Amino acid sequence: MDSSGGQRNKPRKRDRVKKFFKDRLGSGTPSPSLSRTSTHSTVAGGSGTTSQAAHDIAVPTPPAENTIRSEIQSDQNNINTAIGSQPRLSSPTQSSIPPTATSQAVNEPEEGTVHVEHQPTGLAGKIYEGVKTTLRKVVEVSDVFPPVKSVAAGLLVICDTIDAYGENKEEFDALLKRVEVLSRIMACCPSDVPQEVKDRFDGLLRTLEEKKMILQEKVDPTRSGVERAMLAAKDKQEVLKLTQEVRFAIEIAMFDAIIENRAQTFRIISGVDWLKERFNVIEDHTKTMRTIKRTVESLKRSNTFQRLGKVEGAEYSNAKRGPGCIPGSRVSLLSRLLVWATDSSSPHLFWLSGLAGTGKTTVSKTFCSQLKNRGLLGASFFCTLKESDKTDVYLIIPTLAKILAQKRPQFGDALEEILESDDSCENPTEMELKDQYLKLILLPAEKAFGSDELLVLAVDALDECKDQDAVRLFIAAILSQKPAIALKFFLTSRPEVSLRESFESSTHHGWLRLHDIEADIVRADILLYLNDRFKSNPRVYNHYHTNWPPPEIQTISNVSGTLFIIAATMVAYIATYSGNCLKRFQELGQPSANVQLSGIDALPEASFSG
């Protein structure tokens with residue numbers, strides 16, 4: 001018997017990829033594409049338009065607009081039909097999640113809310129084709145503002161590129177659920193949208209441009225047929241991660257994540273008020289959220305846990321740690337961090353380093369918020385030179401253990417048992433760091449959490465701890481003891497020599513240097529930050545509101561370069577209550593202004609941490 005007989009009529013991967021390029025590159029109609037973001041001459045989205053260079057796309061002559069909008073509505077109906085039924089309001093009686101559910105409405109909905117139930121039909125299924133048709137129509141509509149057109153065009157290229165691989169079906173289906181809802185948002189997006197929504201679209205666009213270029217390199221038509229058809233394991237893993245990064249980017253930019261009744265719900269941001277119905281993406285979250293029962297035993301623990309120290313206000317939610325990232329900024333970076341956090345096979349430690357002023361603490365604060373919204377944050381500890389108990393390395397692990405015990409009682413049970421039965425834990429804050437990590441974190445976590453339960457512990461600004469020898473021991477303790485469960489550590493610091501040396505001999509950690517992120521991406525985020533901060537300054541905004549944004553913002557952005565701390569310090573200096581803030585804004589915003597950056601430490605402290 002010919003063993004290959006059953007395969008003869010099935011297209012090989014190489015043929016599918018070849019056909020993909022023939023269709024995309026050999027046809028007479030150019031496919032929508034995105035040009036690389038350049039430094040904008042105005043604040044991104046500030047006036048309803050952005051740099052032409054950033055949003056040039058191939059757009060055919062549009063037909064009558066009413067015809068297109070009716071076609072878009074028809075395409076959306078086709079998507080609903082492909083799903084199996086029209087989107088429906090979840091019944092008030094639906095209050096439980098079947099164990100096998102992957103996408104199901106579980107709670108009584110808000111009035112007018114539609115929970116999209118998605119039943120994947122394959123990479124080239126009707127849902128996918130319907131979504132692509134809607135995205136193409138968005139590109140053709142004449143009155144949609146440029147970032148929406150470009151986001152739609154970018155998603156078309158990205159989805160087609162991922163589809164050409166024919167791999168990672170589950171992740172592609174998860175991405176498709178987000179794209180489906182996003183296409184509905186864009187299909188009826190008006191030309192005049194709130195500034196924050198514009199900023200979010202701009203931030204998403206920058207991320208899609210970056211990911212699109214990387215993906216297209218993977219299916220480069222100049223590569224041999226064998227290279228394109230037979231992907232290396234490393235290539236497949238990179239495509240999987242890029243698919244996840246795009247999914248997270250859409251979530252960060254356009255959705256608010258919440259946990260309700262052990263279900264993960266992604267709700268469209270409040271600024272999108274032009275939809276007649278509210279669409280939610282709801283997924284089963286039982287693997288990462290267990291039922292938490294608090295008992296009277298927690299009262300007993302209070303005495304036992306006092307031995308873990310009395311550090312207060314170390315968590316990311318402390319307002320003294322400054323604000324988080326402006327919506328629409330750092331989207332690509334945050335999506336990359338979420339991929340690491342949610343991948344059980346990724347390294348158990350991630351080190352985010354950056355020079356002073358690159359925005360480490362702000363990123364860390366926002367990342368912790370994203371983790372919390374997904375039920376993945378165990379505990380956080382933000383070091384700072386301003387408070388002595390937050391510069392002591394020996395207080396970090398006991399404090400993390402105490403916070404985790406308060407939030408996850410099952411961990412508290414296991415920790416309490418160790419503290420009461422192990423004589424070496426009599427004074428936890430004086431234990432060796434490797435023993436702290438083993439007995440206060442690893443052992444109770446292995447007893448309390450399942451192998452499929454992801455959890456992240458975060459420590460920010462580790463370089464601000466006074467005892468650098470202890471910092472080296474702290475890092476060594478985490479690197480040398482890999483958890484048996486999906487427990488991870490996220491660390492941030494300046495790239496001090498002592499810390500770099502601690503990581504040099506390790507191959508068991510992920511890392512990223514903030515100051516290595518492409519300058520144009522950082523400058524766009526700084527421009528977005530400045531626009532937001534000065535718009536919240538009444539004296540400045542009221543003077544320029546009829547012609548916003550003023551050119552002074554671009555000048556201040558140019559002076560800031562790629563350092564957030566410079567931009568934040570100038571904002572704080574201009575906003576000082578004494579004197580005339582409008583005059584300071586105008587003086588510093590002049591191209592001829594001689595800003596002495598060497599004396600920036602003498603300016604009032606900025607509220608923007610880095």
Side-chain angles (χ1 to χ4, degrees), residues 97 103-107 109-110 113 115-116 174-175 177-178 181-182 196-197 199-200 203-204 207 244-272 278-292 315-319 321-344 350 352 361-382 403-404 406-408 449 452-458 460 486-488 490 492:
I97 308 173
S103 177
Q104 184 167 352
V106 295
N107 304 309
E110 299 174 6
T113 300
H115 297 315
V116 179
L175 170 62
K177 283 193 286 185
R178 279 74 175 166
V181 178
L182 182 57
E196 180 179 321
V197 177
D199 294 340
R200 288 175 179 270
L204 178 58
T207 301
Q244 293 171 327
E245 286 179 19
V246 173
R247 169 168 65 89
F248 283 128
I250 293 174
E251 291 176 8
I252 292 168
M254 304 307 299
F255 293 89
D256 291 324
I258 59 173
I259 296 287
E260 289 183 335
N261 295 338
R262 294 184 295 161
Q264 179 74 74
T265 301
F266 297 98
R267 293 180 177 174
I268 300 173
I269 57 172
S270 58
V272 180
R278 305 292 296 174
F279 293 91
N280 293 342
V281 177
I282 300 181
E283 296 177 330
D284 179 27
H285 204 57
T286 55
K287 288 185 177 181
T288 55
M289 285 294 292
R290 310 252 182 227
T291 302
I292 296 177
E315 294 186 81
Y316 84 94
S317 53
N318 188 336
R321 304 296 166 254
C325 298
I326 300 298
S329 67
R330 302 292 201 180
V331 174
S332 178
L333 172 59
L334 292 168
S335 64
R336 177 173 174 178
L337 294 177
L338 283 172
V339 168
W340 163 77
T342 55
D343 181 3
S344 58
F350 193 102
L352 180 69
T361 293
T362 304
V363 170
S364 185
K365 187 178 177 77
T366 306
F367 180 48
C368 286
S369 177
Q370 289 287 335
L371 291 173
K372 179 180 181 297
N373 292 342
R374 289 168 168 77
L376 302 176
L377 181 65
S380 61
F381 190 106
F382 277 47
I403 294 171
L404 188 55
Q406 293 169 344
K407 294 182 177 180
R408 305 293 178 98
F449 305 125
D452 60 350
E453 204 160 358
L454 293 167
L455 208 62
V456 179
L457 303 177
D460 180 69
L487 178 70
K488 301 190 175 189
F490 174 72
T492 76

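Only heavy atoms go into these numbers, but all of them, side chains included; no hydrogens, no water, no symmetry mates. Because the structure is predicted, anything quoted here is derived from the model rather than measured.
- Every ring pair (Phe, Tyr, Trp, His ring centres under 6.0 Å) that Phe367 has, sequence neighbours left out, goes to Phe490.
- When all heavy atoms of Ala341 and Leu371 are compared, the pair lying nearest together is CB-CD2, 3.8 Å.
- The line from CG of Leu338 to CG of Asp343 is 12.0 Å long, rounded to the nearest 0.5 Å.
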Given Leu182 and Leu204, is the side-chain contact (heavy atoms from CB on, under 4.5 Å) satisfied, shown in steps? CA-CA 11 Å; Leu182 182 57; Leu204 178 58; 3.9 Å; yes
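- Taking 4.5 Å as the limit, some side-chain heavy atom of Phe382 sits within range of a side-chain heavy atom of Thr361.
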Let's go through Asp460 and Phe381 carefully: what are the C-alpha distance in whole Å and the side-chain angles of both, what is the deciding distance for side-chain contact (heavy atoms from CB on, under 4.5 Å) to 0.1 Å, and is it a yes or a no? CA-CA 6 Å; Asp460 180 69; Phe381 190 106; over 6 Å; no
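- Only one option out of Leu404, Leu376, Leu377 pairs with Leu455 in a side-chain contact (heavy atoms from CB on, under 4.5 Å); it is Leu404.
- Under the 6.0 Å distance and 45° angle rule, Arg267 does not count as a cation-pi partner of Phe255.
- Closest non-hydrogen pair, Arg247 versus Ala174, comes out as CD-CB, 3.7 Å.
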Going through the checks in order, is the side-chain contact (heavy atoms from CB on, under 4.5 Å) test met by Leu175 and Ile250? CA-CA 9 Å; Leu175 170 62; Ile250 293 174; 4.0 Å; yes
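- Ile403 and Gly378 make their closest contact through CG2-O, 4.4 Å (heavy atoms, listed as atom of the first residue, atom of the second, distance).
- Heavy atoms only, all atoms of each residue included: Val181 and Ile268 are closest at CG1-CD1, 3.8 Å.
- A heavy-atom distance below 4.5 Å is found between the side chains of Ser344 and Leu454.
- Ser335 OG to Arg330 CZ: the interatomic distance, rounded to the nearest 0.5 Å, is 12.5 Å.
- The two residues Cys325 and Val363 have their closest heavy-atom pair at SG-CA, 4.0 Å.
- Residues passing the ring pair (Phe, Tyr, Trp, His ring centres under 6.0 Å) test with Tyr316: none are found, sequence neighbours excluded.
- Looking only at side-chain heavy atoms (C-beta outward), Phe248 and Arg336 stay at 4.5 Å or farther from each other.
- Under the 4.5 Å side-chain criterion, counting only non-hydrogen atoms from C-beta, Phe266 is not in contact with Lys177.
- In terms of heavy atoms, Val197 sits closest to Val272 at CG2-N, 4.4 Å.
- In this structure, Arg200 contributes its side chain and Ala253 its backbone to a donor-acceptor pair below 3.5 Å.
- One distance of note links CG of Asp199 with OG of Ser329; it measures 9.0 Å at 0.5 Å rounding.
- Applying the side-chain hydrogen bond (donor to acceptor under 3.5 Å, both in side chains) definition to pairs two or more places apart or across chains, those involving residues 364-373 are Gln370-Arg374.
- Remark: Ile252 CD1 to Leu334 CG distance equals 4.5 Å, nearest 0.5 Å.
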